[in-house]
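A short worksheet on the structure shown next.
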Amino acid sequence: MSETLENLSSETRQFPPPEALAAAANVKAEAYEEAKADRLAFWAEQADRLTWAKKWDQVLDWSNPPFAKWFIGGELNIAYNCVDRHVEAGRGDKVAIHWEGEPGDTRTITYAELLKQVSQAANTLTDLGITAGDRVAIYMPMIPEAAVAMLACARVGATHSVVFGGFSVDALSTRIADAEAKLVITADGGYRRGKPSALKPTVDEAVAKSPSIENVLVVRRTGQDVAWTDKDKWWHETVEQASPEHEAQAFDAEHPLFILYTSGTTGKPKGILHTTGGYLTQVSYTHNAVFDLKPETDVYWCTADIGWVTGHSYIVYGPLSNGATQVMYEGTPDTPGRDRFWQIVDKYKVSILYTAPTLIRTMMKWGDDIPAGYDLSSLRVLGSVGEPINPEAWMWYRENIGRNRTPIVDTWWQTETGGVMISPLPGVTATKPGSAMTPLPGITADVVDDQAQSVPNGGGGFLVLRDPWPSMLRTIWGDDKRFLDTYWSRFGAGADSSSSDEWIYFAGDGAKKDEDGALWLLGRVDDVMLVSGHNISTTEVESALVSHPSVAESAVVGATDPTTGQAIVAFVIPRGNVDTEGDAGEQLNVDLRNHVAKTLGPIAKPRQIMLVPELPKTRSGKIMRRLLKDVAENRSLGDVTTLQDSAVMDLISKGMNTGKSED
Ligand code: ATP
Ligand code: MG
């Protein structure tokens with residue numbers, strides 16, 4: 001394998017920050033210099049944005065790498081920081097959550113109301129025998145009680161493990177078992193695609209297999225029938241009857257806050273452990289800096305589910321610690337119509353919108369006329385997270401949603417990093433469509449070759465983090481060895497072959513530096529294709545395909561090939577209005593392969609293109625290329641437990657067997 005990744009695409013468009021935004025920005029260019037001059041002092045200053053019951057004695061202890069400790073000796077309560085302190089400061093009447101149910105019912109929750117609910121829930125947890133250090137599983141729809149449950153756990157020092165509400169009995173019960181959770185918090189169901197979707201039956205089955213579970217706390221959301229056991233307690237008969245007085249006790253900065261399993265794009269999910277002080281410091285700072293949050297005037301909306309890390313860091317802990325007003329939406333973007341998102345933006349005058357490339361590409365597919373019918377003038381910052389955003393989707397987002405006015409922040413980070421690591425700052429950075437641009441102040445990211453040497457500008461390779469950061473994962477729950485092997489053994493002191501004493505975190509992603517040193521994420525290195533001796537990233541070929549007017553979305557994999565080692569196989573979803581029958585389909589196929597060759601060079605020309613109606617995605621909307629690779633290489637499918645819709649794979653496999661697009 002050659003040392004670096006090919007840099008094939010080039011992008012010349014650039015968008016400076018709007019002047020007014022830049023002039024009033026929360027974070028200015030000096031922050032980079034300041035953090036560079038003294039990284040730990042910089043993070044200490046950000047930790048001071050929080051309210052500590054006891055100040056720390058030391059910012060970082062990195063004496064036992066890769067096990068970091070931040071803000072040693074410090075004590076704080078996370079729920080106090082996210083709720084009580086805003087009420088104490090006289091902002092109790094400020095709206096914390098504008099909640100919008102899928103059927104159109106709404107709730108408005110102020111910080112004072114949130115304090116009441118979190119305190120009541122904390123008292124109930126205590127009544128149910130939950131004490132600091134216990135684990136609680138949360139399996140909920142997108143209702144305010146999900147956030148209340150997380151905050152109540154944090155308040156009493158219990159470690160929550162949120163499991164996405166669409167996951168199966170097996171996924172839930174293995175996560176319960178792995179964490180040895182004592183309690184599950186759930187609901188009868190939630191609304192999805194216009195009808196109630198039950199959660200409780202899944203919990204019932206999972207609990208039957210989970211000896212560690214003592215109680216199940218159930219919110220009534222849909223009113224549908226539920227089976228009942230003596231472990232079950234209704235939320236409205238316990239939490240809503242509990243005392244609203246609860247004194248929050250401070251916990252050590254390194255007290256475990258939550259376990260969250262990665263989304264499972266590459267294989268078996270990992271139980272990522274996050275702790276208290278460093279985590280809250282970074283998510284609070286980055287939420288303020290990256291979105292330029294003005295808590296008095298902004299209305300913020302993150303469309304992620306609470307079951308993913310984005311929901312943890314940028315629905316619950318970041319925004320609430322900053323006293324933000326936010327929208328929380330229960331349902332799907334196409335219920336009752338495909339305009340639901342824009343209707344919500346218009347209705348609540350959302351000013352900051354944070355969503356995922358998969359959604360942006362879906363909106364592109366649905367058509368420009370849908371957002372065009374709404375007043376989106378309240379928007380002033382747009383964010384993207386979860387996958388590389390293709391330049392084409394970025395431009396669509398800018399033009400059709402941002403109306404050419406608002407900056408876009410493409411934020412790179414992971415469940416493991418806890419908070420945003422690489423992103424533009426909306427008042428500072430001149431952005432390029434498709435680039436996450438630069439590491440945030442206080443973060444040291446680099447792109448290296450297989451010898452851990454920095455690649456020069458214009459080069460591609462492995463994305464690494466060279467210095468510990470406050471919201472870094474502390475370990476994989478119950479598996480220090482997997483933690484070490486997965487993230488720290490590829491480069492630096494953790495790798496056997498290396499004599500370096502530097503500990504280097506390897507993120508698993510490929511990236512390149514452009515001529516100006518801006519960073520471009522190129523997808524997972526496991527997905528990189530080795531074609532005739534060239535390492536080609538899936539992202540670059542996918543972006544080239546999406547830049548063709550007939551293409552809505554694409555996924556690219558490398559399949560074993562007798563002549564070139566690997567050959568590029570592309571799966572393409574055509575735009576809605578494109579004719580793909582008979583000769584037209586054949587012609588499109590030829591055109592697309594030529595289009596890629598012309599855009600990136602002949603080396604990147606796909607051997608084969610499959611026109612498909614859908615792509616396999618995880619529940620968080622990320623493309624699962626490993627399953628497509630199984631199809632392309634005629635293997636039986638690997639682990640599909642995190643797949644969103646298993647019928648998709650049947651459709652794709654069928655098409656593959658009748659496919660005839662080679663020349
Ligand atoms: P698993 O590790 O179990 O395979 P996962 O990596 O999909 O699951 P997450 O932690 O949710 O689970 O996703 C983090 C990954 O998402 C990153 O490593 C990266 O590949 C991708 N990603 C997130 N944001 C961006 C972004 N802005 N640009 C490019 N890639 C991104
Ligand atoms: Mg990952």
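Remember, it's 1-based here, ligands and their atoms both numbered in the order they're listed.
Near ligand 1, heavy-atom contacts under 4.0 Å come from T262, S263, G264, T265, T266, K270, V385, G386, E387, P388, D410, T411, W412, W413, Q414, T415, E416, D509, L521, R524, K622.
Ring planes of W43 and Y285: perpendicular class, angle over 60° (limits at 30 and 60°).
A salt bridge links K432 with D516: at least one charged nitrogen is closer than 4.0 Å to a carboxylate oxygen.
Ring centroid separation for the pair W70 and Y279 does not come in under the 6.0 Å cut-off. Between F483 and F67, the distance separating the two ring centers is shorter than 6.0 angstrom.
Scanning for side chain to side chain contact (heavy atoms under 4.5 Å, CB included) contacts around L484 gives P66, W503, with sequence neighbours left out.
Here the side chain of Q644 pairs no donor or acceptor atom with the backbone of R619 at under 3.5 angstrom.
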